[in-house]
Amino acid sequence: MLDRAVVDGLFPTGLPEADYWEAQFPPRELAEGAKVTRFGPSPTGFVHIGGIYVAMIDRDVATHSGGVYLVRVEDTDQSREVEGALAQFARAFDYFGIRADEDIDHGAYGPYLQSHREQIYLTYVRHLLRQGKAYLCFATKDELADITSRQQAAKVPTGYYGKWALWRDADATEVQGKLAVGTPYVVRFRTPDDADGQRTSFVDAIRGRLEHEANRNDAVILKSSDQSPRLPTYHFAHAVDDHLMRVNLVIRGDEWISSVPLHQQLFAALEFEPVTYAHIAPLMKQIPGGKRKLSKRKDLEAGVDFYIGAGYPADAVLYYLRGLANGRLAELPLAEALSTPIDLSQCGVAGPLVDLVKLEDISADHIATLSGQQILEAVRTWATEYDVALVPVLDNETELALRALAVERDGVENPRKDLRKWSDFRSAYGFFFPELFVPVDGPTDERLVPLGVAPEVVTAFARELVAGYEHRDDPQEWFDQIRSLAAKHGFAPNAKEYKQNPDAYPGSIREASQLVRVALTGATRSPDLHATARALGADEVLRRLQALVGP
């Protein structure tokens with residue numbers, strides 16, 4: 001073990017002792033059972049929906065236990081940091097309303113950027129070195145590669161441990177010699193001597209008691225001395241930070257289960273109270289023959305920006321995610337499910353499948369409960385970033401937009417569900433707006449061709465309809481004018497008679513009605529035709545019918 005004076009000489013003069021940080025960040029004054037949770041995003045430029053999933057659970061558990069939820073940015077690997085990544089996280093958290101009690105902007109237990117906590121980490125690294133629970137390692141990349149190669153040849157577990165740990169029991173004079181010539185080094189944790197071959201266990205808040213092989217590797221806890229700032233590895237940083245931020249429940253992905261034995265050793269060596277872990281199963285995707293993890297490289301729906309850009313309502317997505325976490329919540333009405341606590345013990349150990357079809361159904365159901373004004377405001381907010389050209393249309397035609405949204409929605413038992421996300425608005429309701437609608441180009445317009453009505457019949461029928469059109473309030477009376485004109489121009493009164501003798505008619509009443517529908521909406525499928533006409537207004541209906549006549 002190195003002399004204390006040598007150890008202290010490796011660190012900045014005036015570096016505080018551990019007691020100083022313990023006093024700076026005292027235990028929180030919270031009620032018994034309160035959970036302090038944290039979410040630790042890495043600023044790598046991609047926000048995975050799984051991150052929102054875990055953050056949502058963190059926030060919920062802290063809230064319902066009377067605790068604290070904090071966000072700590074884990075940026076110790078600065079080589080992977082992407083400019084603007086923190087803004088992406090802020091946008092995602094804001095969109096879904098998952099706001100932290102403490103984060104980089106506020107909180108008494110910060111800094112909440114790991115890259116700003118260098119002095120704190122150095123204090124505790126020095127503490128372990130003084131006690132001989134850590135040591136300096138000067139092994140080069142080539143030496144480490146050679147160790148791995150020889151371990152593979154010997155068919156033993158790879159890693160830096162036991163006899164393979166070149167500097168674990170190095171003579172102090174040899175270490176000081178390396179220091180004297182400025183050889184770069186890392187600091188490694190000295191795994192307990194009895195760890196090799198042992199088993200360890202812990203109680204997971206989701207999975208119950210788990211048992212694993214104890215960690216044997218002397219993990220790097222402080223990166224190379226030739227780097228500035230001197231930053232720790234994730235394993236060490238999380239132990240120090242969770243302790244000083246007084247986190248008592250760590251909810252994270254199950255890929256970290258294998259790291260728990262090391263984390264247990266670090267907490268014990270630092271004489272910290274261990275935290276409780278809850279390992280969440282990852283979100284999955286169905287693929288032919290099975291399923292796999294939702295991948296940021298392969299799946300658009302893995303990225304939070306996919307949901308924000310498409311305009312899925314935040315409450316609908318949160319409702320869906322809560323149902324994935326606890327199946328019972330999927331059986332509750334949305335508002336109740338959003339306020340009912342998530343129970344960690346009811347989280348599954350198999351990854352839940354992300355099903356966009358199911359999400360869209362949920363979203364459509366949710367939107368159907370909103371008022372026209374709520375929908376219009378939400379669409380406009382979304383469009384300010386993702387469909388800028390739509391904004392002035394909505395602003396100039398607000399009343400028309402509200403009338404359009406009322407069609408088959410207001411005052412009906414089963415409202416239309418043609419909006420599944422805000423980006424659907426243009427395709428579902430765009431035809432109501434003159435600025436967005438493309439009128440038919442006369443009787444030969446390609447949208448009329450599938451109806452099979454001769455152009456001269458279309459022209460004659462439309463010309464007379466325009467000449468005598470009445471914008472009637474009663475749906476039946478309004479349709480009767482179309483029916484009577486259809487009969488006058490030789491259309492069969494129903495589809496059955498037309499099919500029996502198709503050569504005797506230009507079409508049936510269905511084709512005649514579809515001529516009007518295409519003229520007014522541009523498509524053969526639309527909301528109720530009379531309600532659409534009322535929303536458009538008489539002048540716009542006549543303008544569109546006139547386009548059916550042609551020049």
Side-chain angles (χ1 to χ4, degrees), residues 1-22 76-79 114-115 117-151 157-196 215-240 243 262-263 265-272:
M1 188 169 75
L2 287 177
D3 182 79
R4 178 170 176 144
V6 174
V7 170
D8 288 357
L10 301 174
F11 296 89
T13 302
L15 183 69
E17 296 293 327
D19 288 347
Y20 171 82
W21 299 118
E22 297 290 336
T76 57
D77 188 353
Q78 297 190 311
S79 65
Q114 287 187 331
S115 60
R117 299 173 64 82
E118 180 184 13
Q119 275 206 325
I120 298 174
Y121 302 132
L122 293 180
T123 291
Y124 287 94
V125 170
R126 183 182 65 186
H127 179 68
L128 292 185
L129 283 169
R130 284 172 175 174
Q131 296 182 317
K133 295 178 180 179
Y135 62 92
L136 307 188
C137 175
F138 300 89
T140 65
K141 290 183 179 180
D142 287 343
E143 288 174 326
L144 295 174
D146 177 63
I147 291 171
T148 300
S149 178
R150 288 189 287 123
Q151 287 172 333
T158 59
Y160 197 85
Y161 63 93
K163 69 176 184 179
W164 306 100
L166 303 179
W167 290 90
R168 178 181 173 95
D169 297 313
D171 187 87
T173 57
E174 186 179 3
V175 172
Q176 291 181 38
K178 287 288 187 178
L179 291 174
V181 296
T183 305
Y185 64 87
V186 298
V187 178
R188 289 184 180 272
F189 173 61
R190 183 185 294 275
T191 303
D193 291 333
D194 60 354
D196 193 12
N215 171 64
R216 65 162 62 86
N217 283 297
D218 290 354
V220 174
I221 59 173
L222 189 66
K223 298 176 185 179
S224 180
S225 58
D226 60 359
Q227 295 181 4
S228 181
R230 292 293 305 281
L231 293 177
T233 58
Y234 165 80
H235 301 292
F236 188 75
H238 112 275
V240 172
H243 170 69
L262 169 59
H263 296 166
Q265 291 171 351
L266 288 171
F267 272 86
L270 290 163
E271 300 177 10
F272 293 162

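Heads up: numbering here begins at 1 and tracks the sequence. Just so it is clear, the model here is predicted, and its values are computed rather than measured. The basis for the numbers below is simple: all heavy atoms, side chains too, and nothing from hydrogens, waters or symmetry mates.
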Listed once per pair and sorted, the salt bridge (Lys or Arg N to Asp or Glu O under 4.0 Å) pairs that draw on residues 223-238, sequence neighbours left out:
none

Does any non-hydrogen side-chain atom of Leu179 lie less than 4.5 Å from one of Leu10?
yes

Sorted by chain and number, sequence neighbours left out, salt bridge (Lys or Arg N to Asp or Glu O under 4.0 Å) with Asp171 holds for none

What residues, two or more places apart in sequence or in another chain, satisfy side-chain hydrogen bond (donor to acceptor under 3.5 Å, both in side chains) together with Ser228?
none

Atom of Leu231, atom of Ser115 and distance for their closest heavy-atom approach
CD2-CA, 4.1 Å

Between Trp21 and Pro16 the two heavy atoms that sit nearest each other are CZ2-CG, 3.7 Å

Please confirm whether the backbone N or O of Ala219 pairs with a side-chain atom of Asn217, one donor and one acceptor, at under 3.5 Å?
no

Can you tell me if Thr123 uses its side chain to pair, donor with acceptor, with the backbone of Ala18 under 3.5 Å?
no

Can you see which heavy atom on Phe236 is nearest to which on Leu270, and at what distance?
CE1-CD1, 4.1 Å

For Tyr20, enumerate each residue passing the ring pair (Phe, Tyr, Trp, His ring centres under 6.0 Å) test, keeping only those at least two apart in sequence or located in another chain.
none

Tyr234 side, atom OH; Gln114 side, atom CD - distance, nearest 0.5 Å
8.0 Å

Please determine whether side chain to side chain contact (heavy atoms under 4.5 Å, CB included) holds for the pair Tyr185 and Val175, giving the CA-CA distance in whole Å, both sets of side-chain angles, and the decisive distance to 0.1 Å.
CA-CA 10 Å; Tyr185 64 87; Val175 172; over 6 Å; no

Flag, side chain of Thr233 to backbone of Val220, donor-acceptor distance under 3.5 Å:
yes

Working to the nearest 0.5 angstrom, can you tell me the gap between Gln151 CD and Trp164 CH2?
5.0 Å

Residues which pass side-chain hydrogen bond (donor to acceptor under 3.5 Å, both in side chains) with Thr191, listed by chain and number, not counting sequence neighbours:
Asp218

Checking His263 now: which residues fulfil ring pair (Phe, Tyr, Trp, His ring centres under 6.0 Å) with it, not counting sequence neighbours?
His235, His238

Non-neighbouring partners of Asp19 that pass side-chain hydrogen bond (donor to acceptor under 3.5 Å, both in side chains), sequence neighbours left out:
none

Name the residue from Leu136, Leu128, Leu129, Leu122 that meets the side chain to side chain contact (heavy atoms under 4.5 Å, CB included) definition with Leu222.
Leu122

My understanding is that only residues two or more places apart in sequence, or in another chain, count here; which of them pass ring pair (Phe, Tyr, Trp, His ring centres under 6.0 Å) with Tyr124?
Phe272

Quick one: list whatever passes ring pair (Phe, Tyr, Trp, His ring centres under 6.0 Å) with Trp167, sequence neighbours left out.
Phe138

How far does NE2 of His127 sit from CG of Leu15, to the nearest 0.5 angstrom?
12.5 Å

One should read off an interatomic distance between His243 NE2 and Ile120 CD1, to the nearest 0.5 angstrom, of 11.0 Å

What one should report as the nearest heavy-atom pair of Thr76 and Pro232 is CB-O, 3.5 Å

Identify the heavy atoms of Tyr160 and Ala139 that sit nearest to each other, and give their distance.
OH-CB, 4.1 Å

Rounded to the nearest 0.5 Å, how far apart are NZ of Lys133 and CD of Glu271?
4.5 Å

Sub-3.5 Å donor-acceptor pair from the side chain of Ser224 to the main-chain atoms of Gln227, do we have one?
no

Show, in sequence, the C-alpha distance, side-chain angles and deciding distance for Phe189 and Leu262, and conclude whether the side chain to side chain contact (heavy atoms under 4.5 Å, CB included) test is met.
CA-CA 10 Å; Phe189 173 61; Leu262 169 59; 4.1 Å; yes

Got a sec, which pairs hit side-chain hydrogen bond (donor to acceptor under 3.5 Å, both in side chains) with one end in residues 1-13, sequence neighbours left out?
Asp8-Arg130

Applying side chain to side chain contact (heavy atoms under 4.5 Å, CB included), run through Arg190 and Asp169 and close with a yes or a no.
CA-CA 10 Å; Arg190 183 185 294 275; Asp169 297 313; 3.1 Å; yes

Nearest 0.5 Å, please: how far is OH in Tyr135 from CG in Leu2?
12.5 Å

Identify, with sequence neighbours excluded, every residue that meets salt bridge (Lys or Arg N to Asp or Glu O under 4.0 Å) alongside Asp193.
Arg168

Please list, chain by chain and in numerical order, all residues satisfying salt bridge (Lys or Arg N to Asp or Glu O under 4.0 Å) with Arg216, sequence neighbours excluded.
Asp196, Glu213

